[in-house]
Undergrad: 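What follows is a structure written as structure tokens; I'll ask about it next.
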Amino acid sequence: MMIQKPGDSVSPTTGNVRTGLYDPQSIEPKWQEYWLKNKTFKTEADPSKPKYYVLDMFPYPSGDGLHVGHPEGYTATDVVARFKRMNGFNVLHPMGWDAFGLPAERHAVRTGEHPAVITRKNCDTFRRQIQSLGLSYDWDREINTTDPDYYKWTQWIFTILFERGLAYQTEAPVNWCPALGTVLANEEVKDGCYVETGDPVEKRMMKQWMLRITAYAERLIQDLDRVDWPESIKAMQREWIGRSEGADALFKVAGKNCQFTIFTTRPDTLYGATYCVLAPEHPLLLPITTLDRLAEVQAYVEAASRRSAQDRMAAEREKTGVFTGAYAVNPVNGKEIPIWTADYVLAEYGYGAIMAVPAHDERDYEFARKFGLEIIEVVSGGDISRAAFTGDGLLVNSPLIDGLPVPEAKKKISAWLENQGLGKATVTYRLRDWLFSRQRYWGEPFPLVTLEDGSIQAVPIEDLPVVLPPLEDYRPTADGQPPLARAQEWVNFTDPRTGNALKRETNTMPQWAGSCWYYLRFCDPQNRKQAWSKEAESYWMPVDLYIGGAEHAVLHLLYSRFWHKVLFDAGLVSTPEPFQRLFNQGMILAHSYQDSSGKYYYPHQVEKSGEEWLVKETGSTVRVQVEKMSKSRYNVVNPDTVVRELGADSLRLYELFMGPLDREKPWTEEGVQGVHRFLRRIWALFVTEPGDLHPRIQNDSGDHAVTRILHRTVKHVTRDIESLDFNTAISRMMEFVNAATKADRVQKDDMERFLLVLAPFAPHIAEELWQRLGHKETLAYEKWPDYDPTLLIEDLINIPVQINGKLRDTVQVPNGSDSEALIAAAKESEKVQRQLEGKTIVKEIVVPAKLVNFVVR
RNA sequence: GGGCGGGUGGUGAAAUGGCAGACACGGGGGACUUAAAAUCCCCUGGGGGCAACCCUGUGAGGGUUCGAAUCCCUCCCCGCCUACCA
């Protein structure tokens with residue numbers, strides 16, 4: 001298909017547009033319609049052109065619509081997309097909806113209406129709002145994760161994971177959230193609560209689907225070196241994966257025919273192990289407990305299981321534990337040491353069992369002190385009567401490794417353990433497998449069937465998608481099964497080909513599933529035969545620039561990297577990493593007004609009186625604070641209002657002018673007004689009040705100083721877009737407008753170049769003025785202007801003159817003056833002469849074109 | 001406790017070894033107007049001086065350098081992430 005070349009089929013309407021006043025309400029819809037009808041931003045893979053893939057983290061279309069935080073990232077990527085197009089790149093810039101999720105399901109439970117209905121409504125709202133901002137998406141590529149034509153392929157990718165042994169079902173302690181009625185992944189739980197809502201989470205034994213992300217732990221760490229991401233995000237992923245090197249060691253239980261393995265990062269301290277601890281959930285715990293201690297241990301285990309993850313995790317909590325009565329045999333010296341159970345040892349990490357070396361581990365030290373356990377120093381250098389010593393030193397009291405420094409001792413003892421068949425050097429990760437099933441309706445059904453013999457098979461690709469059945473009631477069943485269990489005919493059915501009775505899985509996939517691969521579908525969104533074609537994937541991938549919030553650092557960004565690597569191993573994608581360059585925009589905050597009782601007020605309910613802010617009606621004082629936008633704080637700014645009152649270009653410009661993209665910044669009404677004034681000044685530069693082209697714009701003559709500033713502006717804006725410093729790019733354009741406004745005559749050519757650099761930021765006004773300058777086609781594919789470096793060189797430059805590093809004067813000299821000339825000019829300055837009086841110059845420092853500094857005595 | 005950011009005017013911020021505060025917001029003054037809004041012009045870090053000018057200033061203290069917001073050390077404060085991971 002051809003890209004419809006702008007201008008030919010749909011001509012912009014006139015109507016009330018051709019007036020002399022800047023009127024975004026008429027020009028913005030006009031150009032939005034033009035872009036949409038002409039498919040100005042439609043893209044096709046074209047191997048003859050260099051590609052650029054610039055992607056936003058697609059939104060969950062909530063019922064509240066957009067707030068001004070969303071368009072910050074969208075505007076940034078749009079500027080880059082438009083800039084790259086003008087620089088000859090074939091740009092892929094798509095948008096879609098991550099539309100599975102709990103709010104729509106809750107709505108369905110309440111109303112009985114299918115969640116697809118409210119989802120469609122919300123997507124329509126989001127699309128309308130996003131389109132009103134003039135973002136240059138290729139709308140023919142719009143995708144929706146809840147569309148069966150989309151989730152067919154999500155299910156297909158799951159079957160790939162399943163067939164590669166990376167999806168398995170297991171009965172394990174999982175994070176159960178009673179408020180949500182579903183289990184959650186580790187990544188979704190923090191401090192024993194669901195990260196989104198703060199609802200408490202408890203441990204429960206359940207049979208669940210897991211994805212073997214741990215099999216990719218090493219590569220997920222290693223390949224972070226390949227991508228251009230913020231260090232903070234890389235660090236978060238590294239910490240989450242939590243690689244640690246150490247050794248396994250086998251401890252026999254004295255007098256019993258059993259043993260357990262522990263993991264330690266300090267095998268060098270093995271001689272200092274004075275007790276062992278099994279987690280309360282450890283399978284060996286009750287079997288080894290002696291009769292006299294059994295009641296106590298059982299009580300402890302029970303108490304631990306009841307304790308919420310929240311208080312179990314609390315670091316300040318004093319350590320607790322009980323002795324089992326059993327002893328373990330230290331593999332290095334045969335010494336028998338007591339086995340305890342304590343909840344400071346976590347069942348999920350390592351083997352759920354540790355050797356305790358109180359002399360060299362703070363936690364063990366605290367525990368040993370509390371329970372009067374032995375403390376043996378094996379690394380010298382500390383004072384173990386006062387505290388655990390965790391630093392480096394020489395080994396003592398350790399026959400096999402005495403005198404060695406810690407690193408060598410670790411190596412030697414690990415080798416010794418391996419030799420004896422009692423352990424070996426190993427690497428352990430903090431990362432756990434990904435709990436992948438949810439007890440919900442509004443998610444992708446698992447493409448799996450259980451046969452009568454209990455075996456599980458993937459649904460073949462030709463039978464995909466497994467479509468969600470409609471339900472009358474979207475609640476879980478009375479006996480606690482997921483909502484899909486209500487669709488009995490859907491769950492239990494007969495295979496038409498074999499006549500076998502089959503049973504479907506009633507869990508659904510988590511919301512993360514659809515976003516794990518959407519960037520691939522964008523490459524080839526309408527492909528009915530495949531999730532994507534090889535040609536499209538290898539042309540567009542990887543994503544060159546990915547912008548979104550930092551809250552996805554270890555969720556979406558880790559999960560999608562994992563899927564991508566599986567697809568890479570399956571030969572289905574050509575790059576090891578999906579997102580080459582990542583950038584996190586900072587949150588947009590807003591002022592909120594709260595009285596002493598904690599009640600919030602809307603901005604229109606308060607007013608400033610002197611230094612204080614008062615509630616208009618009551619006159620009581622309120623506190624002004626800068627906080628995250630939220631409905632409950634009455635401080636949400638709706639982009640619709642801003643677009644209606646000041647226009648999309650003002651909104652776009654302000655989103656970027658507020659400050660550096662990665663920083664948190666407060667929204668202010670005055671700030672938007674400020675950039676709106678800037679746009680009006682631009683308009684007035686080109687158009688007179690009656691609506692004619694401004695007479696200051698001349699074809700062949702203009703203020704040369706303005707031309708120079710223009711070229712400087714082009715240079716800086718170009719550089720600033722590339723480094724994502726949009727705020728300074730805009731201030732450069734403001735400088736140009738200030739200079740051009742003061743000039744009597746400006747050259748048309750300069751003004752056109754200015755419109756081209758303005759266009760990525762404020763495309764509507766730029767298109768409108770471009771048209772009024774006589775152009776028939778959109779400027780979206782005009783060549784990005786060059787600048788002439790020779791025009792950046794000033795004839796005369798101001799050179800600061802310092803004396804002992806203090807600024808005393810500036811002198812004007814011809815550009816290119818050599819050191820002697822600079823010194824001579826500096827010495828001619830009266831102010832400098834006055835300062836030099838009676839002093840001796842001991843050194844003259846000259847930085848050509850920069851400064852002169854006299855060091856005097 | 002650990003990791004990563006950050007601290008510059010009344011406010012958002014520029015400047016990453018060379019004129020601190022560009023560009024805006026807010027504030028003050030003026031022009032236009034019957035008036036207001038809008039718009040335009042001037043001023044706006046602090047202190048001193050009639051003025052030319054002078055002093056001072058980037059969280060605190062020290063250091064390196066001819067020269068430091070910028071580099072190094074010590075400390076304080078704020079934000080985010082993380083936290084008994086053996």
Side-chain angles (χ1 to χ4, degrees), chain A residues 21 190-191 230-236 238-240 242-244 246 262-266 269 273 276-277 279 312-317 319 342-346 348-357 360-364 366-367 428-432 550-551 553-554 584 586-587 608 611 626 653-654 657-660 662-675 677-678 680-681 684 725 727-735 737-738 741-742 798-810 830-831 834 842-847 849-856:
Chain A
L21 294 175
K190 188 193 153 189
D191 297 334
E231 270 315 309
S232 60
I233 299 287
K234 288 191 185 185
M236 278 188 225
R238 284 195 195 101
E239 276 165 28
W240 189 261
R243 183 183 200 276
S244 64
I262 60 105
F263 173 76
T264 177
T265 54
R266 295 295 303 274
T269 61
C276 282
V277 185
R312 192 166 159 178
M313 293 292 205
E316 322 81 56
R317 222 188 102 231
K319 294 206 166 21
D343 65 3
Y344 82 91
V345 172
L346 307 174
E348 307 86 11
Y349 184 76
Y351 301 97
I354 62 154
M355 67 168 191
V357 185
H360 305 290
D361 180 285
E362 281 159 16
R363 296 152 300 182
D364 299 343
E366 187 195 333
F367 192 84
T428 296
Y429 301 90
R430 198 186 88 126
L431 183 72
R432 325 262 164 77
E551 66 274 18
V554 286
N584 299 113
M587 209 186 317
K608 192 170 184 184
E611 288 305 292
V626 170
L653 225 36
Y654 183 58
F657 184 63
M658 291 173 82
D662 58 359
R663 221 177 282 184
E664 287 191 342
K665 13 183 200 224
W667 183 275
T668 67
E669 173 62 23
E670 294 79 11
V672 211
Q673 293 283 356
V675 294
R677 272 198 285 274
F678 167 58
R680 282 216 295 249
R681 280 157 64 83
D725 292 317
N727 55 329
T728 49
I730 293 166
S731 67
R732 291 293 182 176
M733 294 190 280
M734 288 173 166
E735 285 178 304
V737 169
N738 290 345
T741 302
K742 287 192 179 106
N798 288 316
I799 297 291
V801 182
Q802 299 181 341
I803 289 163
N804 289 341
K806 266 190 172 176
L807 180 75
R808 291 302 173 184
D809 198 7
T810 61
E830 269 180 49
K831 289 182 199 170
R834 223 180 305 142
V842 291
K843 202 169 175 188
E844 291 168 341
I845 290 149
V846 184
V847 184
K850 281 279 188 205
L851 104 169
V852 176
N853 185 15
F854 296 117
V855 183
V856 301

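Below, all heavy atoms of this structure are taken into account, side chains as well, without hydrogens, waters or symmetry copies. In the text below, chain A, chain B and the rest are named by the order of the sequence lines, each starting its count at 1.
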Undergrad: Rounded to the nearest Å, what distance is computed from the CG atom of residue A:Leu851 to the C1' atom of nucleotide B:A68?
TA: 13 Å
Undergrad: Under 3.5 Å, is there any donor-acceptor pair linking the side chain of A:Lys831 to the base of B:C53?
TA: no
Undergrad: Should we say atom CD of A:Glu362 is surrounded by more than 12 heavy atoms from elsewhere, each under 6.0 Å from it?
TA: no
Undergrad: Phosphate oxygens OP1/OP2 of B:C53: is one of them under 4.0 Å from a side-chain N or O of A:Arg834?
TA: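 Answer no for this pair, as no side-chain N or O of A:Arg834 is under 4.0 Å from OP1 or OP2.
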Undergrad: With heavy atoms under 4.0 Å as the rule, sort A:Arg663 into base, sugar-phosphate or nothing.
TA: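 Sugar-phosphate contact only.
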Undergrad: What is the distance from CD of A:Glu231 to P of B:C4, rounded to the nearest Å?
TA: 10 Å
Undergrad: Would you mind telling me which residue lines up with the more 5' stretch of RNA chain B, A:Ala353 or A:Arg680, judged by nearest nucleotide?
TA: A:Arg680
Undergrad: Separation of A:Phe678 atom CZ from B:A38 atom C1', in whole Å?
TA: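 Interatomic distance, CZ of A:Phe678 to C1' of B:A38: 19 Å.
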Undergrad: Please tell me which of the listed nucleotides, B:A24, B:A86, B:A83, lies nearest to the side chain of A:Asn738?
TA: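 Closest of the options to the side chain of A:Asn738: B:A24.
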Undergrad: Is B:G9 syn or is it anti, if syn means the base angle is within 90 degrees of 0?
TA: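 For B:G9, whose glycosidic angle is within 90° of 0, the conformation is syn.
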Undergrad: Whole angstroms only, please: what is the CG-P distance between A:Asn853 and B:C66?
TA: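 Interatomic distance, CG of A:Asn853 to P of B:C66: 10 Å.
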Undergrad: Between A:Thr728 and B:A22, is there a side-chain N or O to OP1/OP2 distance below 4.0 Å?
TA: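 Result: no.
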